[in-house]
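Since we're looking at a predicted model, the values are computed, not measured.
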Amino acid sequence: MTVEEHAAALLALEQASHDEFVAKIQGWVESAEAAGDELRAQRHREHLSRLAAIPKPWERARKAA
């Protein structure tokens, strides 16, 4: 495995982990909304916004290519 292939595999793993975490939080949003807990749902939506705003290494790698 080349260095580039190894780096790509690590970025793919990191992205998959991030996507899984985002999906988990989205589930919390939906659960809170279903329970009628708007404050909790809003807090989770804010968490999702913060996650969306952070720089993601796999996006930088694609732009550089």
Side-chain angles (χ1 to χ4, degrees):
M1 177 180 276
T2 68
V3 171
E4 291 80 15
E5 291 169 334
H6 185 73
L10 289 174
L11 286 174
L13 181 61
E14 187 174 10
Q15 182 177 3
S17 175
H18 174 82
D19 292 346
E20 182 180 322
F21 187 57
V22 167
K24 184 178 200 176
I25 296 171
Q26 184 59 46
W28 295 346
V29 170
E30 293 165 7
S31 175
E33 288 173 342
D37 189 343
E38 186 52 37
L39 179 60
R40 188 166 48 107
Q42 181 59 35
R43 287 180 181 158
H44 293 315
R45 283 191 294 270
E46 289 168 359
H47 192 175
L48 288 173
S49 294
R50 289 190 303 273
L51 287 172
I54 62 172
K56 295 162 185 76
W58 55 90
E59 291 174 352
R60 276 197 322 264
R62 280 191 211 121
K63 288 178 185 173

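Considering CG of Asp19 and NZ of Lys56, their distance stands at 9.5 Å, rounded to 0.5 Å. Atom CD of Gln26 and atom CD of Glu30 lie 4.5 Å apart (nearest 0.5 Å).
In this pair, His47 and Phe21 present their aromatic rings perpendicular. The plane angle is above 60°, beyond the 30 to 60° band.
Listed by chain and residue number, Arg45 satisfy the side chain to side chain donor-acceptor pair (under 3.5 Å) test with Glu38 (two or more places apart in sequence, or in another chain). Glu20 pairs by the side-chain contact (heavy atoms from CB on, under 4.5 Å) definition with nothing, not counting sequence neighbours.
When all heavy atoms are compared, the tightest approach of Ala35 to Arg40 is CB-NH2, 4.0 Å. Closest approach of Ala41 to Ala32, counting heavy atoms only: N-CB, 3.6 Å.
Cluster annotation: Trp58 and Val22 are assigned to distinct hydrophobic clusters (Ile/Leu/Val/Met/Phe/Trp/Tyr, side-chain heavy-atom contacts under 4.5 Å, transitive).
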Expected list for residues 4-14: side-chain donor-acceptor pairs under 3.5 angstrom, two or more places apart:
{"residue": "Glu5", "atom": "OE1", "partner": "Thr2", "partner atom": "N", "Å": "2.8"}
{"residue": "Glu5", "atom": "OE1", "partner": "Thr2", "partner atom": "OG1", "Å": "3.4"}

